Protein chains: 2
Amino acid sequence: MAVMKDTKQKITDAAIAIFNEDFSAPLETVAEKAEVTRRTLHRYFKDRNDLLAACHHTMQESCRSSIGAVYATYTEPLERFEHMLYAAIDCGVKFSFLHKLHNNEHHNHSEVDKNCSDYDRTFNKFKSTIEDLQNKGLITGGLTAEWIEMLCTGIVTAAINAEKAGNVARINIKKFAWYSLSKGVLV
Amino acid sequence: MAVMKDTKQKITDAAIAIFNEDFSAPLETVAEKAEVTRRTLHRYFKDRNDLLAACHHTMQESCRSSIGAVYATYTEPLERFEHMLYAAIDCGVKFSFLHKLHNNEHHNHSEVDKNCSDYDRTFNKFKSTIEDLQNKGLITGGLTAEWIEMLCTGIVTAAINAEKAGNVARINIKKFAWYSLSKGVLV
DNA sequence: ATAGAATGTCTCATATCTGAGAAATATGAC
DNA sequence: GTCATATTTCTCAGATATGAGACATTCTAT
């Protein structure tokens, strides 16, 4: 029998999936997805905010570690760009939900908040890579770094949806995503 | 003074914006966005489902009319493809929320349901245009129609986010979107 | 200025969500 | 098998969301 995943983590993962699609979903929904009782959920998490914080932490850590590893492994901007896309796709919902949380209109992004500074540290690796590409003249003239950043998250979203819908072969998803992204922004 | 928008429509539009980001958001939130009292909202809509139905109707109509107009105006698949992207970007949140509703895992898509058949009628124009491009050999070999469909909605999402964030010049958004999409999938 | 319609204010009953106690049951290590 | 721990089940009180009645206020057209 496969090793049972830690219940707390299982609930957190379920919450990430649920809250990403429906931020105000009742905790009952999260519990169902995690295959536990709502009562059990409350044993691990004081309240909704506590659970949210755990989600946040998991997402930060997952993104930080994946993006960080790519950044450390590759030094050429182009290689970094490609593998950061793959890393983001691997992080999947964790990537897009974290991004959503820090970029919605109600969120006040402040450097004092540890969550925000952690987020910045990770995503600045993404942004600076794009700027490096621009400085090297590898980006199609006219396209701005801001657009490319938006496009990246859009393509990651596409990859996640393709994965969920199951109508694009799993091995192809990353290949297609990189093809569309690279052709779509590089000279 | 500008003509005051019909209250019912104002509430519906607010609901589309709110529910797209937070499906289970309290109606109070929608009322605030629409700048009315919750009491007024309830004068126009029997309950949450009634409001949801109105949102659905507005989104269907907006997408049907925009996509339909493009389909009628252009006959070349490539022109259709380009202008459908622009139409989708113009529909903005209405496009992506409608798409989300009909493609989430809980939704049972059935042809009997009028909403579903209306949705299909509209979005099949999108899909068939992609297939036409493929048959004409204009799509990069290997890329599947399903991927391209996902990519389109991803790029529309990117355009919406760029619009919201305001960090990409408005006139550039459609230009960039079409550039990235066309280079990303066409031979 | 005034009637009629639309909206706001205050209030309330009901429904659903939330968080937690207590005891029963399942699970896993030894 | 026994014990310790984790989880479920049942329960309940408080919080929040929902839907609507009654009346006051504002707006609009004439």
Side-chain angles (χ1 to χ4, degrees), chain A residues 1-59 61 93 97 100-101 104-108 115, chain B residues 1-59 61 93 97 100-101 104-108 115:
Chain A
M1 179 169 70
V3 175
M4 173 93 70
K5 200 201 290 194
D6 184 53
T7 303
K8 187 166 186 179
Q9 195 57 52
K10 196 175 170 190
I11 296 172
T12 307
D13 290 342
I16 291 171
I18 294 292
F19 290 156
N20 180 51
E21 291 196 338
D22 183 0
F23 192 72
S24 297
L27 298 181
E28 181 81 52
T29 315
V30 175
E32 275 169 23
K33 177 113 185 168
E35 299 175 291
V36 284
T37 321
R38 194 166 57 83
R39 191 63 191 84
T40 299
L41 185 153
H42 278 297
R43 284 227 175 66
Y44 287 98
F45 302 97
K46 195 185 140 293
D47 57 22
R48 195 186 188 84
N49 278 340
D50 191 19
L51 175 56
L52 228 304
C55 293
H56 216 132
H57 182 264
T58 293
M59 296 189 292
E61 189 48 33
V93 176
F97 188 25
K100 208 190 284 181
L101 280 180
N104 85 67
E105 46 199 329
H106 306 297
H107 172 73
N108 288 45
N115 268 329
Chain B
M1 180 170 67
V3 175
M4 172 94 69
K5 199 200 292 194
D6 182 52
T7 303
K8 188 166 185 178
Q9 194 57 52
K10 196 174 168 188
I11 296 172
T12 307
D13 290 343
I16 291 171
I18 294 293
F19 290 156
N20 180 51
E21 292 197 336
D22 183 0
F23 192 72
S24 297
L27 299 180
E28 182 82 51
T29 314
V30 175
E32 275 169 23
K33 177 115 185 168
E35 298 174 294
V36 284
T37 322
R38 195 165 57 83
R39 190 65 191 82
T40 299
L41 185 152
H42 279 297
R43 283 216 184 76
Y44 286 97
F45 302 98
K46 194 183 140 293
D47 57 21
R48 194 184 190 84
N49 278 340
D50 190 19
L51 176 55
L52 229 304
C55 293
H56 215 133
H57 181 264
T58 293
M59 296 190 291
E61 188 49 33
V93 176
F97 189 25
K100 208 189 286 181
L101 282 179
N104 84 67
E105 44 198 330
H106 306 295
H107 172 72
N108 289 46
N115 268 329

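Predicted model only: the values in this text are computed from it and were never measured.
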Per-nt protein contacts along nucleotides 5-16 of chain C (heavy atom under 4.0 Å; B base, S backbone sugar-phosphate only, - none) come out as -SBBB-------

Could I get the full list of side-chain hydrogen bond (donor to acceptor under 3.5 Å, both in side chains) partners for A/T58, not counting sequence neighbours? A/Q9

Spacing of A/K46 atom NZ relative to C/dG21 atom P, expressed in whole Å: 13 Å

Identify every side-chain donor-acceptor pair in residues 43-57 of chain B under 3.5 Å, counting partners at least two apart or on other chains, and give the distances.
from	atom 1	to	atom 2	distance (Å)
B/D47	OD1	B/N49	N	3.2
B/D47	OD1	B/D50	N	2.9
B/R48	NH1	B/A25	O	3.3
B/R48	NH2	B/F23	O	3.1
B/R48	NH2	B/A25	O	2.7
B/D50	OD2	B/K46	N	2.8
B/H56	NE2	B/H102	NE2	2.9

A/D47 CG - D/dA15 C1' separation (whole Å): 13 Å

Supply the atom-to-atom distance A/K100 NZ to A/N20 CG, rounded to the nearest 0.5 angstrom. 4.0 Å

Within this structure, what is the CG-to-P distance between B/D6 and D/dT28, rounded to whole angstrom? 14 Å

Contacts table for residues 28-39 of chain A: side-chain donor-acceptor under 3.5 angstrom, sequence neighbours left out:
from	atom 1	to	atom 2	distance (Å)
A/T29	OG1	A/P26	O	3.2

Return the value, rounded to whole Å, for the distance between atom CG of B/L41 and atom P of D/dT18. 10 Å

As an exercise, state the distance from CD1 of B/I18 to CD1 of B/I11, rounded to the nearest 0.5 Å. 13.0 Å

Can you tell me how far apart CZ (A/F19) and CG (A/L27) are? Round to the nearest 0.5 Å. 5.5 Å

In degrees, rounded to 10°, what is the bend between the two ends of the helix from C/dA1-D/dT30 to C/dC30-D/dG1, using five pairs at each? 50°

Please name all residues satisfying salt bridge (Lys or Arg N to Asp or Glu O under 4.0 Å) with A/D13, sequence neighbours left out, ordered by chain then number. A/K5

By a strict heavy-atom criterion of less than 4.0 Å, which residues belonging to residues 19-34 of chain A are in contact with DNA chain C? A/P26, A/L27

Could you give the CD1-to-C1' distance, from A/I11 to D/dA6, as a whole number of Å? 11 Å

